[in-house]
Amino acid sequence: TRFGGQTLEKARRLVCASRYLDLGREVALCHHEWFDGRGYPDKLKGEEIPLSARIVAVADVFDALTTPRAYKAAWRFEDAIAHIIGLANTQFDPHVIEAFQAVMAQSLVNACVRWTPEMTVGDPRLDEDHRRLINLVNLLAAAGERQDRSTIETVIDELVQYTEIHFSQEEKHMELIGFPGLDEHRKKHDFLTEQVMALRSRFFNGLPGRLGDDIIEFLGSWLASHILVEDHQYYQFLGKSPDAGAGNSEAPA
């Protein structure tokens, strides 16, 4: 935390006034402080902690809990939200927690695609990838509704990265096991990749902040169809089913 704060302080001095780097320094230095004073590095308490760091503290823990790591599986959103709410007044600012709850509740209301038990394909890692894709589509829809260009830009780049990495890994695994529907599956992957790249190109060439409902509807309907139909066929070929429990240890990450 201190090294990060010092580095960004030096950068801020080089460019004179920079609110952006001021915020970055605050976050780097203070996002591990606790609202009750038991954090580090300076044992700051309450509003002694910069608001930027109090906000990022919540976002940082939520991301850590809901992201798979080498030492743990990703938590369900519902479990992570409940855990974070339980830390109000100790680790987290209760006002920030109220805002966090409001944002998460609104995101659930506005979700254009919802994860359901029927969507599981029997492999925890592939299911987690699908949950991530659903989350990205919902974030994109919410950002479009708010006309939030910076978030739209970030989510579109995440979608591009997802299609490049996840689809490639899945196709290599299908080829390895001799899945007979590989060519058709690859065509569907290519189609979504083309649509995402076209969306990115249109956005960076001057699309208005609000994304068209047709784009969101397309992504949502494609996603549900792909998971419920194509990926289920793939895992049925492996002898898996949604009730199989633990997944194939060789399935794509």
Side-chain angles (χ1 to χ4, degrees), residues 23 26-27 30-36 39 46-47 49-69 72-120 124 127-159 162 199 203 208-224 226-228:
L23 290 170
E26 292 174 357
V27 167
C30 301
H31 73 288
H32 283 293
E33 300 285 3
W34 280 35
F35 194 72
D36 64 4
E47 294 188 2
I49 307 167
L51 178 59
S52 59
R54 282 179 271 149
I55 293 171
V56 172
V58 175
D60 181 48
V61 171
F62 182 72
D63 177 69
L65 292 175
T66 57
T67 303
R69 303 290 171 90
K72 72 167 187 68
W75 288 30
R76 295 189 314 151
F77 273 26
E78 297 84 351
D79 295 336
I81 292 169
H83 178 76
I84 288 172
I85 291 172
L87 295 174
N89 288 302
T90 54
Q91 186 170 351
F92 303 124
D93 179 344
H95 295 300
V96 174
I97 292 298
E98 287 178 10
F100 169 73
Q101 287 182 263
V103 168
M104 298 309 298
Q106 190 63 36
S107 69
L108 292 174
V109 169
N110 293 334
C112 61
V113 185
R114 294 179 183 273
W115 177 268
T116 65
E118 292 76 19
M119 287 184 173
T120 183
D127 284 345
E128 182 56 39
D129 270 3
H130 289 156
R131 285 178 181 266
R132 179 183 169 213
L133 183 53
I134 287 173
N135 188 45
L136 289 173
V137 171
N138 287 332
L139 284 173
L140 189 61
E145 185 67 27
R146 298 193 310 270
Q147 302 187 42
D148 181 352
R149 287 190 65 86
S150 61
T151 299
I152 293 171
E153 178 180 336
T154 300
V155 176
I156 290 176
D157 281 342
E158 284 281 327
L159 279 168
Y162 179 96
L199 173 62
F203 178 78
R210 184 180 180 85
L211 292 174
D213 291 340
D214 56 333
I215 296 175
I216 301 301
E217 183 178 351
F218 160 75
L219 288 171
S221 62
W222 184 94
L223 174 61
H226 188 69
I227 294 174
L228 290 171

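The figures that follow rest on heavy atoms only: side chains count, while hydrogens, waters and symmetry mates do not.
Separation of the Phe62 and Phe100 ring centroids falls under the 6.0 Å cut-off.
Taking every heavy atom of both residues into account, Glu26 and Ala53 meet most closely at O-CB, 3.8 Å. Nearest heavy atoms, Phe77 versus Met104: CD2-CE, 4.4 Å. The heavy-atom pair separating Ala80 from Thr66 by the smallest distance is CB-CG2, 3.6 Å. Residues Ala57 and His31 approach most closely at CB-O, 3.4 Å, considering heavy atoms. For the pair Pro94 and Ala88, the tightest heavy-atom approach, listed with the atom from each and the gap, is CA-CB, 4.3 Å.
To the nearest 0.5 Å, the span separating CD1 on Ile84 from CG on Leu65 amounts to 5.5 Å. In this structure, the separation between CZ on Phe92 and CD1 on Ile49 is 10.5 Å, given to the nearest 0.5 Å. Interatomic distance, CD1 of Ile85 versus CD of Glu98, reported as 10.5 Å (0.5 Å rounding). Interatomic distance, CZ of Arg132 versus CG of Asn135, reported as 9.5 Å (0.5 Å rounding). With rounding to the nearest 0.5 Å, the separation of CD1 in Ile97 from CZ in Phe35 is 10.5 Å. Note that the OG1 atom of Thr154 and the CG atom of Leu136 stand 11.0 Å from one another [nearest 0.5 Å].
Sparse packing is recorded around CD of Glu47, with 12 or fewer heavy atoms of other residues, nucleotides or ligands lying under 6.0 Å away.
For residues 83-95, the pairs satisfying side chain to side chain donor-acceptor pair (under 3.5 Å) are Arg54-Asp93, with sequence neighbours left out.
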- Could you walk me through whether Thr151 and Leu139 pass the side chain to side chain contact (heavy atoms under 4.5 Å, CB included) check? CA-CA 8 Å; Thr151 299; Leu139 284 173; 5.5 Å; no

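By the salt bridge (Lys or Arg N to Asp or Glu O under 4.0 Å) test, Asp60 pairs with no residue at all, sequence neighbours left out.
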